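Each chain gets a letter, A, B and so on, in the order its sequence line appears, and its residues count up from 1. Any value given below was found using the heavy atoms of this structure, including those in side chains, with hydrogens, waters and symmetry copies removed. All values reported here derive from a predicted model rather than from experimental measurement.
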Amino acid sequence: MMALVDCNNFYVSCERVFNPTLEGRPVGVLSNNDGCVVARSNELKALGVEMGAAMHLLSPQIRRQAILLSSNYALYGDMSRRVTEVLGEFSPHVEVYSIDESFVGFQGCDPDTLEQQGRALRATVKQWTGIPVSVGFAPSRVLAKVANHAAKKHPAYREQGVCKLMADSIDTQALLKQLPVMELWGVARRTGERLRVMGIETAWDLRMANPKQIRRHFSVVQERIVWELRGQPVIQLDDMSEPKQQIMVSRSFGRLTGNPHDLREALRQHAARAGEKLRKQGSVTSAVMVFIRTNHFRNDLPQYTNRVVISLERPTNDSREGYAYQKAGLMLLDLSPKANRQLTLGETPQTEADAQRSESLMATVDKLNRELGRGTIQMGLPRKGNAWALRSERRTPRYTTQWNELMTVVL
DNA sequence: TCTGGGGTCCTAGGACCC
DNA sequence: TCTGGGGTCCTAGGACCC
């Protein structure tokens with residue numbers, strides 16, 4: 001058996017830990033540039049605000065009632081780390097799945113004791129971090145997701161915040177029969193629509209479907225969901241300690257811009273951040289993709305989007321004008337471990353001394369930025385009032401990672 | 001004025017091989 | 001009328017996740 005532990009309304013809960021007056025009120029956390037609502041308190045959900053709702057399309061009434069905060073990723077990342085630490089007290093097997101969810105192994109535990117352990121886990125996380133979580137136990141990941149969902153929403157479980165689903169219990173059957181297939185982990189709109197055409201509407205219908213037939217019509221991914229619904233764990237999670245295969249850094253701009261200086265500055269900033277991520281996982285890259293695009297929501301403006309892949313021997317700069325760009329980013333492709341780095345044919349080998357200097361310079365830059373805050377050392381200084389700087393007008397202090405911001409709260 | 005960012009896996013189809 | 005068969009590798013794009 002395993003548990004899926006999911007933090008309730010995570011970003012909002014983080015904000016509430018440090019500002020308890022937010023309890024019981026409709027609170028939302030916004031995406032970058034204060035663009036969309038990406039986390040909602042139950043009270044905000046009750047007002048009918050959907051996940052991903054565009055901020056500027058919210059009714060004046062909602063905006064008056066709700067407290068909408070810019071996202072504070074330094075805070076959420078740090079709180080996430082603390083929650084994960086507590087989970088480690090309950091099991092040696094913790095797989096971090098996302099910033100607010102982890103699978104926790106309970107292999108070999110007496111199933112009759114699980115609910116009790118779940119309640120203890122919940123209470124401990126709440127006491128040590130202030131974050132409320134829900135716990136779903138099941139023999140497979142897909143069922144654990146269903147159990148977790150029930151622990152949050154279902155009248156029979158939400159009081160406790162814990163739900164256990166055995167593969168063949170009556171409870172499991174009842175729950176799956178109520179659950180629209182599209183609410184399953186791994187089934188979204190496209191697949192859901194095609195399943196409905198085949199007469200498969202609930203999670204129970206999918207569980208009873210013929211796995212081989214599902215594979216023929218869809219893919220091995222969907223087939224695995226059928227086995228998982230039957231309680232057979234067949235989905236493996238990627239080992240989070242494995243290095244990433246691609247690294248992307250991209251941001252929408254604070255305002256639209258066609259100024260080549262803006263584009264260059266933004267890309268330089270993104271490249272620096274991507275390099276940091278790359279070095280952190282000990283990889284090197286041999287190809288960089290750079291992309292820019294206009295705002296596709298603006299039907300009134302000419303649209304343009306393009307990307308160029310640059311092989312690193314011959315880096316080029318490509319800048320165009322005449323469009324109002326909304327977003328730029330870059331992706332490091334074709335990553336490999338630093339240790340295996342191969343010389344390409346015709347490449348002039350770097351001398352040992354040069355390699356050494358470059359290595360220690362980058363290590364120093366990373367260290368300073370890590371310890372003194374991002375942006376302490378930058379490659380080239382951005383101009384004032386640039387169009388690409390993020391808008392973030394309602395961010396709370398970074399309570400757990402910046403002393404100076406904590407002081408402003410105390411005073 | 002104004003609509004997020006960062007990933008993964010799988011499949012289909014083309015290029016190429018013998 | 002009629003143009004092999006079987007394989008690998010790579011890439012683009014779809015679908016999905018939070």
Spacing of [X] atom [atom1] relative to [N] atom [atom2], expressed in whole Å:
X         : N       : atom1 : atom2 : answer
Ile247(A) : dT8(B)  : CD1   : P     : 9 Å
Asp34(A)  : dG4(B)  : CG    : C1'   : 11 Å
Gln245(A) : dA12(C) : CD    : C1'   : 16 Å

Practice task
Name the nucleic acid region contacted by Thr191(A), choosing base, sugar-phosphate or nothing; use a 4.0 angstrom heavy-atom cut-off, strictly under.
Solution key: sugar-phosphate

Exercise for the section: Describe the nucleic acid contact of Arg255(A) in one word from base, sugar-phosphate, nothing, applying a heavy-atom distance below 4.0 Å. Expected result: nothing

Exercise for the section: Taking the six-membered ring of Trp227(A) (Phe, Tyr or Trp), confirm whether the NZ or CZ of Arg224(A) is under 6.0 Å from its centre and within 45° of its axis. Expected result: no

Completion exercise
Comparing nearest nucleotides in DNA chain B, the 5'-proximal residue of the pair Ser219(A), Gly254(A) is Gly254(A)

Fill in the blank from the handout: Comparing nearest nucleotides in DNA chain B, the 5'-proximal residue of the pair Arg298(A), Asn32(A) is Arg298(A)

Exercise for the section: Look through every strand shown and name the nucleotide pairing with dG14(C) as Watson-Crick or G-U wobble, where both distances are under 3.5 Å. Expected result: dC9(B)

Practice task
To the nearest 0.5 Å, tell me how far Asn72(A) CG sits from Arg394(A) CZ.
Solution key: 14.5 Å

Practice task
Provide the full list of ring pair (Phe, Tyr, Trp, His ring centres under 6.0 Å) pairs with a residue in residues 157-208 of chain A, sequence neighbours left out, each pair given once.
Solution key: Tyr97(A)-Trp185(A), Phe103(A)-Trp185(A), His154(A)-Tyr157(A)

Exercise for the section: Consider only side-chain N and O atoms of Ser13(A) and Asn8(A), and report whether a donor and an acceptor are under 3.5 Å apart. Expected result: no

Problem - Salt bridge Glu95(A)-Arg141(A), side-chain N to carboxylate O under 4.0 Å - result: yes

Exercise for the section: Return the residues of residues 40-59 of chain A meeting this criterion: a heavy atom under 4.0 Å from some atom of DNA chain B. Order them by number, or give none. Expected result: Ala54(A), His56(A)

